[in-house]
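Throughout, a chain's letter reflects where its sequence line sits, starting with A, and its residues are numbered from 1.
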Amino acid sequence: MLHKAPRGTADVLPEEQKYWRYVERQAVDLCRRFGFQRIDTPMFEAAGLFVRTVGGETDIVQKETYTFEDRGRDPLTLRAEGTAPVCRAYLEHGMSNLPQPVRLYYFCPIFRYERPQAGRYRQHHQFGLEAIGDADPTVDAEIIQIAWLLTQELGLKGLSLSINSIGDAQCRPGYLREMKAYYQPHLEHLCVDCRTRYENNPLRLLDCKQATCQPYVGGAPVATDHLCSECKEHWTRLQDYLKLAGIPYQISHRLVRGLDYYTRTVFEIQPPEEGGQSTIVGGGRYDGLIEALGGRPTPGIGFGSGMERLILNLKRQEILVPEEASAPVVIACLGEEAHTQGLKIAAELRKAGIPAIIPPASRSLRSQMRYASAMQGRFTVILGENELARGAVVVRDMGAGTQEDVPAAGLLNYLLARSSR
RNA sequence: GUGGGCGUAGCCAAGUGGUCUAAGGCGCCAGGUUGUGGCCCUGGAGAUCGAGGGUUCAAAUCCCUCCGCUCACCCCA
């Protein structure tokens with residue numbers, strides 16, 4: 001084969017489309033009910049955007065971005081993440097002058113150069129949303145509630161919602177010192193990855209899955225024990241609101257997220273199955289992000305949800321989604337004149353919103369009927385010399401196997417009257 | 001980047017050194033007497049057996065290299 005879709009990318013074939021449209025419809029409706037508005041940002045950004053926000057030491061910018069220079073030598077990066085571009089747009093368009101928080105949602109492709117595997121791609125798609133401009137924990141609760149409702153309204157069962165707080169610029173440094181102090185004596189017993197984590201991102205020591213590191217993880221300092229008073233209050237109130245909203249969360253002290261910009265609240269939704277690439281929703285608060293982009297200090301919180309992973313779970317749980325395409329009326333024509341007449345009829349039906357297909361003119365009636373049968377439409381229209389002479393068409397009910405003459409002029413109404421399926 | 005599994009037509013798949021100028025099934029196209037589908041029957045198109053090299057009188061079948069797919073790690077949605 002000469003060309004294949006690039007590694008880690010996938011074609012969404014017609015039979016897959018119903019899943020995508022289903023998730024989109026549910027998500028859009030949820031956003032509507034919570035007063036969120038859609039935003040679309042470009043598929044690429046100035047390369048510096050992700051370095052500044054996601055963090056220069058994170059894996060995403062270290063080794064996963066698609067970065068290139070365009071013909072004008074501008075360094076660009078394919079969107080590696082959803083939040084930073086939205087925050088950029090917030091700043092660029094002065095959205096701090098809108099009533100806060102500004103509630104935005106998006107669907108977009110995300111590009112990361114990774115080795116693909118189940119549920120992980122080099123181009124994947126996220127539904128995400130952001131509430132920018134207010135630090136109150138009620139906003140956190142609202143965002144988490146939307147994430148939870150999304151999964152529930154899609155029909156997914158057995159999911160778990162984990163939350164944690166990783167503090168802010170005030171209290172986190174102290175916590176990180178505690179972590180390093182705790183781990184320091186054990187350094188030589190840690191796995192290779194954890195030794196680099198110790199240097200670069202001590203928080204990540206907590207979610208190491210190596211068996212040899214587990215004993216140390218268990219006794220490690222807990223982030224929520226080291227929160228400053230403001231973070232502590234935020235954390236407590238968030239939980240109050242979640243309880244009030246009836247959101248079944250669990251606290252996971254080991255939940256940290258890989259992007260540098262997170263502060264305070266972080267959360268994830270996991271499906272029941274075990275396995276690495278499973279997170280279907282991930283998000284958190286990013287109170288320093290806008291400031292890092294050169295704006296006034298502005299809090300924000302949001303989440304991203306992987307469309308492919310949502311759909312994967314819909315299929316695993318055998319959740320039925322509505323069918324998309326309505327089957328067309330096939331107009332079988334015999335002879336040149338009938339074919340010409342058929343084209344007129346097809347145009348009329350299409351104008352009225354009824355999908356219609358005319359098989360290639362060279363085919364026999366038998367072949368056209370076979371084709372019509374395969375299309376699964378309820379009605380097939382047959383048009384030949386005889387019908388032309390009578391000024392009528394034959395309408396065959398493919399399910400019932402019956403057919404009747406219908407005056408050509410009355411066909412549209414005949415079909416419309418029966419199009420309720 | 002590291003490790004495991006796998007690569008025969010659009011899909012599923014038999015074949016593990018000669019009888020393979022590669023079985024079968026699905027799907028596709030055509031036909032089954034004059035203008036009618038779904039079942040059935042017949043025929044056809046479609047494969048440089050992932051690619052290249054090697055071993056051998058002989059390779060889809062053995063060896064090497066590469067490529068691709070896939071699963072896992074890392075990380076993340």
Side-chain angles (χ1 to χ4, degrees), chain A residues 1-8 10 13 15 23 54 57-64 79-83 107-128 147 150-151 191-194 196-197 200-201 204 207-211 256-259 268-271 274-283 302-313 330 332-335 338 359-360 362-388 394-403:
Chain A
M1 199 165 302
L2 209 55
H3 289 296
K4 293 175 146 183
R7 178 155 222 214
L13 299 174
E15 64 261 31
V23 173
V54 175
E57 296 303 315
T58 58
D59 279 9
I60 290 184
V61 275
Q62 281 282 301
K63 50 189 191 189
E64 293 177 2
R79 177 172 39 222
E81 188 268 331
T83 299
F107 294 91
C108 70
I110 303 276
F111 304 88
R112 288 180 206 160
Y113 186 85
E114 307 180 86
R115 286 281 292 269
Q117 68 185 77
R120 194 176 72 186
Y121 306 90
R122 288 185 174 177
Q123 176 182 349
H124 78 275
H125 299 77
Q126 285 188 20
F127 160 67
L150 171 72
T151 63
C191 67
V192 194
D193 289 326
C194 278
T196 50
R197 288 180 180 123
N200 296 335
N201 193 348
R204 296 216 69 84
D207 65 357
C208 181
K209 285 148 201 123
Q210 292 294 319
V256 295
R257 313 219 73 248
L259 287 61
E268 267 182 15
I269 296 179
Q270 297 280 351
E274 310 266 318
Q277 315 309 313
S278 53
T279 304
I280 55 177
V281 177
F303 70 77
S305 181
M307 298 284 285
E308 285 84 353
R309 290 186 186 174
L310 287 173
I311 291 168
L312 181 72
N313 281 279
V330 172
C333 307
L334 291 159
S362 58
R363 296 193 181 185
S364 67
L365 210 226
R366 177 193 213 94
S367 166
Q368 296 188 59
M369 292 305 289
R370 279 186 171 144
Y371 180 77
S373 189
M375 287 297 106
Q376 307 219 306
R378 180 172 165 197
F379 295 108
T380 298
V381 170
I382 301 165
L383 182 57
E385 310 278 314
N386 301 340
E387 289 73 24
L388 282 177
V394 169
V395 178
R396 183 171 176 83
D397 183 319
M398 301 299 277
T402 58
Q403 60 189 45

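Residue contacts for A/R122: at a heavy-atom cut-off of 4.0 Å it reaches no nucleic acid atom on any strand shown. At the heavy-atom level, A/G128 lies nowhere under 4.0 Å from the strands shown. Heavy atoms of A/S364 sit under 4.0 angstrom from primed sugar atoms or phosphate atoms, though from no base atom. In this structure, A/R7 reaches the bases: a heavy-atom distance under 4.0 Å links it to at least one base atom across the strands shown.
Side-chain nitrogen and oxygen atoms of A/R363 include at least one within less than 4.0 Å of the OP1 or OP2 phosphate oxygen of B/rA30. Look at A/Q117 and you won't find any side-chain N or O under 4.0 angstrom from OP1 or OP2 of B/rU70. Side-chain N/O atoms of A/T279 include none lying less than 4.0 angstrom from OP1 or OP2 on B/rC76. The side chain of A/R197 places an N or O atom within less than 4.0 Å of a non-bridging phosphate oxygen (OP1 or OP2) of B/rC75.
Taking atom P on both nucleotides, B/rC6 is separated from B/rG43 by 37 Å, rounded to a whole Å. Straight-line distance between the P atoms of B/rU56 and B/rU61: roughly 16 Å, to the nearest whole Å. For the P atoms, the distance linking B/rC11 with B/rG27 amounts to 16 Å, nearest Å. The P atoms of B/rA14 and B/rC29 are separated by 27 Å, rounded to the nearest whole Å. Nucleotides B/rA60 and B/rU16 have their C1' atoms positioned 9 Å apart, rounded to a whole Å. A distance of about 41 Å separates the P atoms of B/rU33 and B/rC49, rounded to the whole Å. The P atoms of B/rA45 and B/rC64 are separated by 38 Å, rounded to the nearest whole Å. Spacing of C1' atoms, B/rG25 relative to B/rU8, comes out at 15 Å, to the nearest Å.
Taking the side chain as every heavy atom from C-beta outward, A/M398 and A/Q376 never approach each other to under 4.5 Å. A heavy-atom distance below 4.5 Å is found between the side chains of A/R79 and A/C108. Looking at A/R309 and A/T279, their side chains come closer than 4.5 Å, going by heavy atoms from C-beta outward. In this structure, A/H125 and A/E308 have side chains that are in contact, with non-hydrogen atoms separated by less than 4.5 Å. For the pair A/L310/A/L150, a side-chain contact is recorded, criterion being any heavy-atom separation below 4.5 Å from C-beta on.
Comparing A/G119 and A/G384 by the nucleotide of RNA chain B whose heavy atom lies nearest to each, the residue mapping closer to the 5' end is A/G384. Each of A/P6 and A/M307 has a nearest nucleotide on RNA chain B; the 5'-most of these lies closest to A/P6.
Separating the NZ atom of A/K4 from the C1' atom of B/rC69 is a distance of 7 Å, rounded to the nearest angstrom. Taking atom CD on A/Q270 and atom P on B/rA77, their separation rounds to 11 Å, with Å as the unit. Look at CG on A/N313: it is 16 Å from P on B/rA77, rounded to the nearest Å. Between the CZ atom of A/R204 and the C1' atom of B/rC73 there is a distance of 14 Å, given to the nearest Å. In this structure, NZ of A/K63 is placed 7 Å from C1' of B/rC75, rounded to the nearest angstrom. Atom OH of A/Y121 is separated from atom C1' of B/rC69 by 13 Å (rounded to the nearest Å). A/E64 places its CD atom 7 Å from the C1' atom of B/rC76, with the value rounded to the nearest Å. B/rA72 atom P lies 13 Å from atom CD of A/E114, rounded to whole Å.
Put simply, the side chain of A/R363 never gets that close to the backbone of A/Q368: no donor and acceptor are under 3.5 Å apart. Of the possible polar contacts, none joining the A/R112 side chain to the A/R122 backbone as a donor-acceptor pair under 3.5 Å is found.
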Audit row: A/V23, A/F127, side-chain contact (heavy atoms from CB on, under 4.5 Å) steps and yes/no: CA-CA 9 Å; A/V23 173; A/F127 160 67; 5.7 Å; no
Report the C-alpha distance between A/V394 and A/E387 in whole Å, list the side-chain angles of each, state the deciding distance to 0.1 Å, and finish with yes or no for side-chain contact (heavy atoms from CB on, under 4.5 Å). CA-CA 7 Å; A/V394 169; A/E387 289 73 24; 3.3 Å; yes
Close N or O pairs between protein and nucleotides 36-42 of chain B (under 3.5 Å):
from, atom 1, to, atom 2, distance (Å)
B/rU36, O2, A/Q403, OE1, 3.2
B/rU36, N3, A/Q403, OE1, 3.0
B/rU36, N3, A/Q403, NE2, 2.9
B/rU36, O4, A/Q403, NE2, 2.8
B/rG37, O2', A/S373, OG, 3.1
B/rG37, N7, A/R396, NE, 3.4
B/rG37, N7, A/R396, NH2, 2.8
B/rG37, O6, A/R396, NH2, 2.8
B/rG37, N1, A/M398, O, 2.4
B/rG37, N2, A/M398, O, 2.9
B/rG37, N3, A/S373, OG, 3.3
B/rG38, OP1, A/R370, NE, 3.4
B/rG38, O4', A/S373, OG, 3.3
B/rG38, N2, A/M398, O, 3.3

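Stretches of at least 3 consecutive Watson-Crick or G-U wobble pairs, with each checked distance under 3.5 Å, appear in RNA chain B as B:1-7 with B:67-73, B:10-12 with B:24-26, B:28-32 with B:40-44, B:50-54 with B:62-66.
Between A/V281 and A/A147, the closest heavy-atom pair is CG1-CB, 3.8 Å.
In A/Y113, the OH atom is not crowded: 12 or fewer heavy atoms of neighbouring residues, nucleotides or ligands sit closer than 6.0 Å.
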